Number of protein chains: 2
Amino acid sequence: MPTSHTRIEAVMAAVRAKIASRSYLPGARLPSVRAQARTMGLSVSTVVEAYERLVAEEVIHARRGAGFYVAGPAAPLALAEIGPRLDREVDPLWVSRQALETGKDLLKPGCGWLPASWTYAEGMRRALRGTARAGEALLADYATARGLPALRQWLARRLAAMDVEAQPEQIMLTESSTHAIDLICRFLLQPGDTVLVDDPCYFNFHALLRAHRVQVVGVPFTPGGPDLAAFEAAVRTHSPRLYITNAGIHNPTGATLSSVTAHRLLKLADASELVIVEDDLYADYETSPAPRLAAFDGLSRVIHIGSFSKSLSASLRCGHIAARADWIDALVDLKIATHFGGGQLPAAILLAALTGSGYRRHMEGVRARLATAMEQTIQHLGALGIVPWLRPGAGMFLWCRLPDGVDAAALARTCLQEGVVLAPGNAFSQSLSASGYLRFNVSQSLDGRLFEVLARALASVPAPLLPPPLSAEPAAPTTGRAGQ
Amino acid sequence: MPTSHTRIEAVMAAVRAKIASRSYLPGARLPSVRAQARTMGLSVSTVVEAYERLVAEEVIHARRGAGFYVAGPAAPLALAEIGPRLDREVDPLWVSRQALETGKDLLKPGCGWLPASWTYAEGMRRALRGTARAGEALLADYATARGLPALRQWLARRLAAMDVEAQPEQIMLTESSTHAIDLICRFLLQPGDTVLVDDPCYFNFHALLRAHRVQVVGVPFTPGGPDLAAFEAAVRTHSPRLYITNAGIHNPTGATLSSVTAHRLLKLADASELVIVEDDLYADYETSPAPRLAAFDGLSRVIHIGSFSKSLSASLRCGHIAARADWIDALVDLKIATHFGGGQLPAAILLAALTGSGYRRHMEGVRARLATAMEQTIQHLGALGIVPWLRPGAGMFLWCRLPDGVDAAALARTCLQEGVVLAPGNAFSQSLSASGYLRFNVSQSLDGRLFEVLARALASVPAPLLPPPLSAEPAAPTTGRAGQ
């Protein structure tokens, strides 16, 4: 039997552990003395004594008549304070904010979208003028719960062309593809669940998953998809609930999933009841389509999402989810509760632009320009000793290895002072094993000034002695191949 | 010292209690045996024995090598299953879905917006045509993190005219006012926190707060605002983190806050570190403006939100939050993480429509039409024995008492069969004490068929013997005056 002293210590240790793990956040109320005593099978006086000692230590404080609270300011969810402390250059939120900043002379090879001058402005203008002739109901009313039926019907046909069979009722419109993933996380996850992501992956997945307070495990990414042995080990070790990845062109590496990897991934998911979200943002950039998990799986445990922010316009937000009918039904409830109705206008403008005669031709032009820009960027970077990890078949992204020992975050800091926004590798890497990598967007890398700034910055960042110190790339259990 | 048997029972009771309170949801993994033993200050073998007995009882089940899980299907967040089981007629999600359904012949006196034919379609058309002439960047790019600067500057001037001082940097655009509240809840609340709402209040607040798994306490609403004595008692008893209410015209009652109540509310909030969200959706319906809490408080603990969904268009989603600068900064991170960038186009179209010459005149016309519709609706309803709780000074809502003993949910069910969507009182009432009330939208109550359907339904709903049975209006601690 524990002594009275041990029991008091046990309560104090339990409270401290909960604070450390952020189960109890600063400002949160502790369980009442009575409830705590009941939960721990201890006497009220033991818990009172433990709480009093924690108050004396200023770990918690008492409010008269209102119980005990974790010390510190009341606890707004400051995302920047969840998870490991990161250099701000590799903090996904900081990278996003920099990319979203506007400034005339800012060069943004680190951002994830096309320059405005490459986009389908004429089609958008036509779509806006066309929608201006719509009836009052379209201009004024909320959309139905799933979203504009005409766009969902068009999406169902588009998905069918990718071998993904979804009835219009199995499709729900969202504000964006990020909003789509957020709703799915709310639907499927609880704090403390484990989610698998690719290492490296789109950096905002990290920020989004932080907001859900889940454990994130990175699986090393290979040129054909996730490393299957590592994936299987992660499934066995962590019993993850969800795996979030890209469909088609992978962000940031530009790789695509091979059919054999797709098939084996689905077998692993089936055996472990894992749900997979594939985010299909870059479909219209592909020259030869990669396999879609949702096509093999028949929307049983794969949820397919997408938007046209990257191909048509990011100024008009509209994403979509295709999933099992019963899941869509529950997701509709969540959308209504947290956003109420969606709008019809963005969906109508989007549909008009997508189905106008010019969109297909426009994207052909974009693909051709990207191929040229890809070649040019590879050459310019090569002259600086910056080498692609993979030569992507299509898309805008180039995942590049810096010269040995150069730290991408330090380089990003230096370049920002000259008005160049870079995307350093560790912003994409759960294991922080990509400090020697940068992601370039080739459509935003055509200004010669970029390479002058990079050259100067590379010269100024202190070069390490050879061989580079081991600490430059810390080993980690989830170290990604793509990050090595 | 507890016996070994008692200790095993204590663990079992603790787990059962967590399942009952939904701290552990179906499908969730239990703390590991070791962690549970540590938390409760008990031996591992005690916890193992307790878990095994719970497995035998099928309360939890074991997955080989992966720990113990709460029995039941893996746990997607089915909102409909959180909280008390409600008649679907008073389930906020069901009411929302009905209101969002479209159908040519559907009458919707229960919905919360104007008929399309009353809206500012011509202004929206002009705004769409004008925006079609915008530059490529506006048509293609994400907005900056806080949202389109020009709209935020305009909003800052509009708020200043209401005596709410907010710099444009203190304003963040959102997809809708519901999205604004959702972000604030994510920022401020943790599961298990307590939130005060008015009883009755806008029904979607209930659904939204369910999604955040918080405890909701209703405060009876009076014609001058919340009942202050009940408010103070609720603050003392529940230490709530947040109070969500309307600014200006209250939904569903049409009441407005008196200056004295506003002042006392803020004093209570100050003393208890309560944060207040005021949702200002109906500002442009007011004929003489009610006091705003944000004006008295100077955006210190009051967060002011709004949108133009109810006055301009619900088809173009755009809301806003005005709050303390440091809170806005944290909310920007949350918005990026969960939605990434906002769009510029909806904000630009909205701004063009609001600042065009016709909007002010249009709203004057709407206010005049609403006043007439209000009179007519009161008369028509009066002929059926349906009486307003309050004669609102402005707005579209009329909160009405049914003849004694008539159940609003039963009436709604009957009327729906004839194509009339009603909004029964208990959808708005946390204490379910408004079963004898309906909310009417007077702008949607001008078709004579509505009153014919209502008359037939009233005749068919079985009339109770006098006096009505007590059970028709169950007493509850938070029974609202407005619901009595």
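Please read all numbers here as calculations on a predicted model, not as lab measurements. The figures here come from the full heavy-atom set of this structure, side chains too, leaving out hydrogens, waters and symmetry mates. All chains are named by letter (A, B, ...) in the order of the sequence lines, taking the proteins before the strands, and each is independently numbered beginning at 1.
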Region of Ser176(A) that comes under 4.5 Å of a non-hydrogen atom in chain B: side chain
Ring geometry between His339(B) and His339(A) (parallel below 30°, tilted from 30 to 60°, perpendicular above 60°): parallel
Per-residue contact mode, Ile184(A) against chain B (heavy atom under 4.5 angstrom): neither
Non-hydrogen atoms of Leu93(A) and Asp333(B) that approach each other most closely: CD2-O, 3.4 Å
Under 4.5 Å from any heavy atom of chain B - which part of Phe308(A): neither
Test item: Ser239(B) and Tyr69(A) side chains (from C-beta on) under 4.5 Å apart, heavy atoms: yes
Heavy-atom side-chain proximity of Tyr142(A) to Ser96(B) below 4.5 angstrom: no
Residue selection (most heavy-atom pairs with chain A, distance under 4.5 Å) from Gly343(B), Ser315(B), Ala314(B): Ser315(B)
Which atoms of Leu331(B) approach chain A - backbone, side chain, both or neither, heavy atom under 4.5 Å: neither
Greatest number of heavy atom pairs closer than 4.5 Å to chain B - which of Leu139(A), Val332(A), Leu128(A), Thr174(A): Leu139(A)
Any donor-acceptor N/O pair, Arg125(A) side chain to Ala134(B) backbone, under 3.5 Å: yes
Minimum heavy-atom distance between Leu208(B) and Thr338(A), given as atom pair plus value: CD1-CA, 3.8 Å
Atom of Arg317(B), atom of Gly341(A) and distance for their closest heavy-atom approach: NE-O, 2.9 Å
Min side-chain heavy-atom separation Asp182(B)-Arg186(A) under 4.5 Å: yes
Contact origin within Lys335(A) toward chain B - heavy atom pairs under 4.5 Å: neither
Max heavy-atom pair count under 4.5 Å with chain A, selected residue of Gly135(B), Ala137(B), Ala116(B): Ala116(B)
Salt-bridge present (Asp193(B), Arg29(A); N to O < 4.0 Å): no
Heavy-atom pairs under 4.5 Å with chain A, option from Gly342(B), Ala13(B), Ala347(B) with the top count: Gly342(B)
Option in Ser43(B), Ala35(B), Cys185(B), Ser117(B) with maximal non-hydrogen atom pairs under 4.5 Å from chain A: Ser117(B)
Non-hydrogen atoms of Gly41(A) and Ala10(B) that approach each other most closely: CA-CB, 4.4 Å
Contact origin within Ala132(A) toward chain B - heavy atom pairs under 4.5 Å: both
Greatest number of heavy atom pairs closer than 4.5 Å to chain A - which of Thr119(B), Thr131(B), Thr144(B): Thr144(B)
Heavy-atom closest contact (Ala121(A) atom, Glu136(B) atom, distance): CB-CG, 3.6 Å
Non-hydrogen atoms of Asp329(A) and Arg97(B) that approach each other most closely: O-NH2, 2.8 Å
Interface residue of largest heavy-atom contact number with chain A, from Glu175(B), Glu9(B), Glu122(B), Gln36(B), under 4.5 Å: Glu175(B)
